[in-house]
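To start, the structure itself, in C-alpha cells.
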Amino acid sequence: MRGKTALNRWLTSIGMGTAAIVAALLVGYHLHRPVQTASLIGTALTLEAQPAAVEAAAMRYPLVAGALVSVLANLAPIPLLTIILDSVVHAWPWARKHVARAHQRVQRYQRWGPVVFVLMSPFIGAYVAIAVGESLGFNPRFTFWTTLGGMLWSVAAIALGGHWLSQLMAG
C-alpha cells in the first residue's frame with residue numbers, strides 16, 4: 001500500500017510540474033514566440049523567476065506574459081522538490097535527526113513562520129525557501145503560498161521596472 005501511495009505522489013508531482021511547463025509553453029505559442037519562451041523557461045528553471053523576468057524585459061517580451069511564463073516555469077520543479085526532500089529525510093537517519101531538532105527549535109514559529117518567505121524568497125529563491133520551510137516543519141501549503149507571494153511581487157517589480165526601462169531607452 002505504501003509503495004502505491006509513494007508512486008502516486010511521484011506521478012502527481014511530475015504531472016503538476018509538466019502542467020506548469022506546458023502552460024508556459026502555451027503562452028509562448030499564443031504569442032508566436034516559442035524560442036523566446038523556451039529561453040525564459042530555461043532561465044526560470046535554472047536561475048529562478050527573477051532573472052527570467054529580467055530576460056523577458058530585455059527581449060521586450062510582453063509584460064504580463066513574461067512574468068507569467070517566468071513564474072509558471074519556476075513553479076514546475078517545486079512539487080518534485082518537496083517529494084525528494086521527504087525521501088531524503090526518511091532515508092537518512094542523519095537528516096531525520098537534524099530535521100527533528102530543527103522542528104523543536106522553531107516550534108513557536110509554526111503558525112506564522114512561513115510569512116518570512118514573502119520577503120525572503122526573492123533573495124534566497126523559491127527552491128531554497130520551499131526546502132527551508134519543509135526542513136523546519138512549516139505547513140507546506142502556507143510555505144508554498146507565501147513563497148509564491150514573494151515570487152509574484154518581485155517578478156512584478158522586475159517586469160514593470162524592466163518594461164519601463166526598455167520603453168525609456170527605446171524612445
Side-chain angles (χ1 to χ4, degrees), residues 2-25 27 37-56 66-159 162:
R2 177 151 167 78
K4 194 172 191 178
T5 303
L7 178 62
N8 286 340
R9 287 184 64 202
W10 278 93
L11 292 175
T12 301
S13 68
I14 290 169
M16 291 170 67
T18 303
I21 295 296
V22 168
L25 286 170
V27 170
T37 303
S39 177
L40 286 177
I41 290 170
T43 302
L45 285 171
T46 56
L47 298 177
E48 295 281 342
Q50 294 79 7
V54 171
E55 180 185 11
L68 183 62
V69 168
S70 300
V71 170
L72 282 171
N74 193 225
L75 290 175
I78 289 178
L80 194 58
L81 174 68
T82 59
I83 290 177
I84 290 170
L85 284 170
D86 285 345
S87 298
V88 167
V89 168
H90 290 305
W92 292 353
W94 175 86
R96 255 194 323 269
K97 180 178 84 173
H98 287 285
V99 167
R101 198 175 299 154
H103 285 207
Q104 289 173 350
R105 289 186 181 144
V106 299
Q107 192 67 31
R108 64 179 158 224
Y109 305 112
Q110 287 297 319
R111 184 169 184 168
W112 296 106
V115 173
V116 74
F117 297 128
V118 172
L119 298 174
M120 292 299 294
S121 64
F123 301 104
I124 64 175
Y127 307 149
V128 173
I130 294 293
V132 168
E134 287 277 323
S135 299
L136 294 177
F138 292 150
N139 180 326
R141 287 189 179 104
F142 194 36
T143 300
F144 170 78
W145 288 112
T146 55
T147 301
L148 179 61
M151 283 173 45
L152 290 175
W153 78 257
S154 64
V155 167
I158 290 168

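In what follows, residues are counted from 1 in the order of the sequence shown. Here the structure is a predicted model, which means the values were calculated and not measured.
Side-chain contact between V54 and T43: absent, with no pair of heavy atoms (C-beta onward) separated by less than 4.5 Å. By the 4.5 Å heavy-atom criterion applied to side chains, L47 and E55 are not counted as neighbours. Looking at I84 and W10, their side chains come closer than 4.5 Å, going by heavy atoms from C-beta outward. In this structure, the side chains of R9 and D86 come closer than 4.5 Å at one or more pairs of heavy atoms. The shortest side-chain heavy-atom distance between P77 and L45 falls under the 4.5 Å cut-off. Two residues are said to be in side-chain contact when any heavy atoms from C-beta on lie closer than 4.5 Å; I41 and I21 meet this criterion.
Distance check: R111 CZ to F138 CZ gives 14.0 Å after rounding to the nearest 0.5 Å. With values rounded to the nearest 0.5 angstrom, I78 atom CD1 is found 13.0 Å from I83 atom CD1. In this structure, CG in L11 is found 7.5 Å from OG in S13, a value given to the nearest 0.5 Å. Here Q50 contributes atom CD and F123 contributes atom CZ; the two are 9.0 Å apart, rounded to the nearest 0.5 Å.
Residues meeting the ring pair (Phe, Tyr, Trp, His ring centres under 6.0 Å) test with H98, sequence neighbours left out: W94.
Pairing each heavy atom of A23 with each of L72, the nearest pair is CB-CD1, 3.9 Å. Shown here for G150 and S121, the closest heavy-atom pair between the two residues is CA-OG, 3.4 Å. The two residues Y127 and L81 make their nearest non-hydrogen contact at O-CD2, 3.5 Å. Nearest heavy atom pair, residue G137 against residue Q110, reads O-OE1, 2.8 Å. Taking every heavy atom of both residues into account, A76 and P79 meet most closely at O-CD, 3.4 Å. Scanning both residues, A126 and N74, for their nearest heavy atoms gives CB-OD1, 3.6 Å.
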Test log, rule side-chain contact (heavy atoms from CB on, under 4.5 Å), inputs L148 and L75: CA-CA 8 Å; L148 179 61; L75 290 175; 4.0 Å; yes

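Put simply, the side chain of T146 gets close to the backbone of P114: a donor and an acceptor are under 3.5 Å apart. Between the W153 side chain and the V118 main chain, a donor and an acceptor come within less than 3.5 Å of each other.
Counted by atom type alone, E134 and T82 present zero donor-acceptor pairs between their side chains at under 3.5 Å.
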